[in-house]
Amino acid sequence: MKRNRILTIYIVIGVVILLIGVFFVVFSRETVQRNVTEIEYNKQWNKVMADRINQQQINLIIDNHEIDLKGKRLYFTDNMQLMVPVTVLTEGFNCAENLYDKERLVIEKGSNRATLHLGSKALEFNENEYVLSEGVEKKDGEIYVPAELFTTYFNYELKWDSAKRETSFANQAKGDSFLPERYSYPEVGKKLKVKNQGNYGTCWAFATLSALESSLLPEETLDFSENNLIYNNALSNEIHDGGDYIRSMAYLMSWSGPVNEKDDPYGSTPTTGKKKVMKHVQGAEIIPSKDYQQIKEKIFKYGGVESSIYMSGSGNNISSQYYNRENASYCYQGEEKPNHDVVIVGWDDQYPKENFRLQGVQNDGAFICQNSWGENFGDQGIFYVSYEDSQIGTLNVCYTDVEQTDNYDAVYQYDLCGWLGTMGFEGNDSAYFSNVFYAKDNENLQAVGFYAAKENLNYEVFVCGRYDGKISLNDRTHVAADGILKNQGYYTIRLDKDYQVKKGEAFAVIVKVTNTDNDEYKLIPVEMESDGMDIQVDLSDGEGYISSTGEKWQSAEKQDANICLKAYTKKTKE
């Protein structure tokens with residue numbers, strides 16, 4: 001009896017264990033099946049959501065500022081990961097981005113450095129290796145990086161507002177400095193060719209084109225022709241005359257150059273025949289005197305800064321009380337005016353003041369500059385100029401917008417000599433200026449370009465598509481988002497959409513500028529004759545107008561000036 005009871009107990013226990021096992025297997029199978037279904041469902045849902053979101057433009061806000069996407073688009077991947085075009089990183093995230101060997105992308109901000117590769121999810125961040133959820137992609141000719149790079153590694157918070165179709169990033173890092181204490185082009189693989197101007201007064205041309213070449217590094221290594229710049233600018237064609245960045249900007253903005261060095265080698269022989277233009281320069285900023293923060297920022301983000309100094313002596317065998325040959329360092333403190341142009345290609349905030357020969361240097365710090373006196377000068381053409389030098393950083397320009405030559409088909413312009421003066425209306429803090437052009441083909445007007453004559457200049461852009469006398473300038477259409485230009489310089493403003501013009505018909509582009517910082521009223525950039533010019537300004541080729549209120553218009557040519565305002569077009573497809 002006892003044995004039967006024990007047997008019964010074992011049987012019951014066995015049944016319970018069996019039932020538990022069956023339940024566990026069934027439960028596990030259902031759980032696994034449900035999880036797999038959820039994963040597949042989420043993948044499908046994410047793809048549907050991404051496709052729906054990507055159908056329309058996604059707005060980008062970084063630190064409360066709306067970012068100009070420059071015709072590019074953000075998009076979500078099938079995994080709902082946001083992808084950001086590289087073209088917005090520099091201004092949007094205050095970082096340097098450079099592409100090496102057409103596949104290695106390096107992004108730097110402060111002391112942080114991220115290295116990525118096209119088509120790969122691998123990430124090297126500050127010498128540590130990680131894997132991203134999405135890889136770097138190339139789409140429609142543009143490189144895209146995952147937003148995860150900035151949210152996880154560069155300490156940004158990301159939010160998505162579906163109602164506004166808006167992605168917003170907010171920097172969570174402490175402090176606002178994005179510049180390292182030392183930064184040097186040669187040390188980050190952006191080494192410029194060291195050139196030699198010889199005995200000619202052409203440092204300005206070498207500094208201009210070296211600065212321009214540096215803005216293309218490391219993606220492109222080009223050598224532009226100083227000879228072509230010297231002999232084809234509209235102000236002078238004498239190699240001994242000297243020059244400045246205003247002359248260089250006129251040459252570049254008119255698409256007269258740059259051309260390759262091999263097509264027009266340097267020397268004393270004037271250029272003959274038209275040469276192939278290699279780039280279209282669409283923007284250059286004139287950095288305020290002694291604004292070292294901006295100088296560093298432009299070097300970090302865009303390219304070398306062309307700057308002027310006073311040089312006591314010349315040539316690679318220079319002997320000067322201000323130059324320390326052993327340390328390749330220089331500092332001048334005095335009242336002499338600048339007489340030499342160099343390119344600032346970096347800086348070192350901790351460069352020892354003891355390295356300078358001049359005893360008056362009180363603090364550490366120097367700009368790293370490239371000269372045009374050959375490799376025997378300084379450290380293979382490189383030398384250090386103290387922050388306390390009297391002239392370094394007083395006259396500065398950086399080429400911030402350099403594009404391929406297929407960006408537009410035509411430029412309409414009357415100001416081949418460039419920005420030589422300003423006009424305005426006394427007592428007015430705003431002014432209108434306009435140029436009338438005659439379409440050579442059926443074209444799409446896509447952008448306008450002009451010089452900002454003052455800092456912090458507000459602008460508005462308009463088009464008069466059917467010009468019929470100056471009164472028709474009042475019948476204008478607002479065609480571009482209003483903005484503020486921080487620095488003086490040349491800017492290209494893209495229109496909100498293409499504006500069609502027909503062959504043979506007249507059209508006008510109009511700009512309103514407003515200066516609210518001070519009482520300066522001369523805001524209209526013009527081409528006009530000035531002292532020292534070898535060539536007379538051609539007033540017969542233009543049709544420009546100015547106005548104080550945008551209602552009554554005056555001829556600019558009758559005041560001996562051409563308006564510095566260009567129009568950029570693309571031919572329409574037949």
Side-chain angles (χ1 to χ4, degrees), residues 53-54 56-76 82-97 107 109 139-145 147 149-150 154 156 158-161 164-171 178 215 253 280-285 294 297-298 300-303 398-404 407-408 444-452 455-463 477-499 509 511-514 566-568 570:
I53 293 172
N54 292 339
Q56 299 181 44
Q57 182 75 24
I58 300 170
N59 299 318
L60 176 62
I61 307 294
I62 302 178
D63 293 331
N64 297 319
H65 296 289
E66 185 171 358
I67 304 301
D68 180 6
L69 294 175
K70 300 178 180 178
K72 307 299 180 181
R73 295 174 64 95
L74 304 178
Y75 72 92
F76 283 90
L82 179 67
M83 302 295 287
V84 182
V86 165
T87 48
V88 306
L89 301 187
T90 298
E91 280 302 315
F93 292 99
N94 276 330
C95 62
E97 58 85 8
I107 299 172
K109 182 170 183 176
K139 184 177 181 180
D140 299 327
E142 176 67 21
I143 298 174
Y144 286 81
V145 297
L149 174 67
F150 293 94
F154 283 103
Y156 279 81
L158 173 63
K159 293 182 180 180
W160 162 248
D161 188 326
K164 296 181 179 179
R165 300 189 54 77
E166 181 177 281
T167 57
S168 59
F169 290 83
N171 190 359
F178 57 88
S215 72
M253 304 312 168
H280 284 168
V281 180
Q282 302 293 149
E285 295 188 36
Q294 270 210 76
E297 180 180 338
K298 292 297 184 289
F300 192 61
K301 292 180 177 181
Y302 296 107
C398 181
Y399 299 94
T400 53
D401 189 358
V402 184
E403 301 180 12
Q404 303 297 342
N407 58 347
Y408 306 106
N444 286 325
L445 174 62
Q446 295 187 334
V448 302
F450 59 93
Y451 293 91
E455 298 168 15
N456 299 315
L457 198 68
N458 293 267
Y459 69 86
E460 300 174 52
V461 179
F462 308 87
V463 166
T477 302
H478 192 276
V479 292
D482 303 345
I484 300 177
L485 305 175
K486 181 177 180 179
N487 293 324
Q488 292 180 312
Y490 186 87
Y491 296 85
T492 297
I493 310 299
R494 287 193 64 89
L495 307 188
D496 292 336
K497 61 181 180 180
D498 291 356
Y499 198 98
V509 293
V511 174
K512 177 187 177 183
V513 289
T514 304
K566 305 179 193 290
Y568 300 97
K570 276 274 194 181

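Just so you know, residue 1 is the first one in the sequence shown, and it goes up from there. From a predicted model like this one, the values you see are computed outputs, not experimental measurements.
In this structure, the separation between CG on L457 and OG1 on T514 is 7.5 Å, given to the nearest 0.5 Å. The line from NZ of K139 to NZ of K72 is 12.0 Å long, rounded to the nearest 0.5 Å. Summarising the geometry, atom SG belonging to C398 is positioned 11.0 Å from atom NZ belonging to K301; distances are rounded to the nearest 0.5 Å. Taking CG of D63 as the start and CG of N94 as the end, the distance is 8.0 Å to the nearest 0.5 Å. Annotation: the span from I61 atom CD1 to T167 atom OG1 amounts to 7.5 Å, rounded to 0.5 Å. To the nearest 0.5 Å, atoms NZ (K566) and CE (M253) are separated by 9.0 Å.
Taking all atoms of both residues into account, the shortest heavy-atom contact from Y568 to G449 is CE1-N, 3.7 Å. Closest approach of A567 to L445, counting heavy atoms only: CB-CD1, 3.8 Å. For I67 against G92, the heavy-atom pair with the smallest separation is CD1-CA, 3.9 Å. Looking at every heavy atom in both residues, V88 comes nearest to D68 through CG1-O, 4.0 Å. Listed here is the closest heavy atom pair of L69 and I58: CD1-O, 3.5 Å. Of all heavy-atom pairs between A284 and Y399, the closest is CB-CD2, 3.7 Å.
V479 is not listed as a side-chain neighbour of D496, based on a closest heavy-atom distance of 4.5 Å or more. Side-chain contact between K486 and I484 is absent, with no heavy atoms from C-beta onward closer than 4.5 Å. Looking at heavy atoms from C-beta onward, T400 lies in side-chain contact with K298 at the 4.5 angstrom threshold. Counting heavy atoms from C-beta outward, E97 and V145 have side chains that stay 4.5 Å or more apart. Annotation: side chain of T492 is in contact with side chain of Y490 (closest heavy-atom distance under 4.5 Å).
A donor-acceptor pair is defined here as one N or O able to donate and one able to accept, closer than 3.5 Å; such a pair exists between the side chain of E142 and the backbone of T87. For R73 (side chain) and P85 (main-chain N/O), no donor-acceptor pair under 3.5 Å exists by modelled atom type.
Taking the ring centre of F154 as origin, the terminal cationic atom of K109 falls outside the region bounded by 6.0 Å and 45° from the ring axis.
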| task | List the steps, then state whether side-chain contact (heavy atoms from CB on, under 4.5 Å) holds for F450 with L485. | result | CA-CA 11 Å; F450 59 93; L485 305 175; 3.8 Å; yes
| task | Go through the steps to decide whether Y459 and Y491 satisfy the test ring pair (Phe, Tyr, Trp, His ring centres under 6.0 Å), and finish with yes or no. | result | CA-CA 11 Å; Y459 69 86; Y491 296 85; 8.1 Å; no
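By the neighbour-count criterion of 12 heavy atoms within 6.0 Å, atom CG of D140 is sparsely surrounded, having that number or fewer from other residues, nucleotides or ligands.
H478 pairs by the side chain to side chain contact (heavy atoms under 4.5 Å, CB included) definition with E460, F462, D482, not counting sequence neighbours.
Neither side chain, N407 nor K570, offers a donor N or O lying under 3.5 Å from an acceptor on the other.
The aromatic ring centres of F150 and F93 sit less than 6.0 Å apart.
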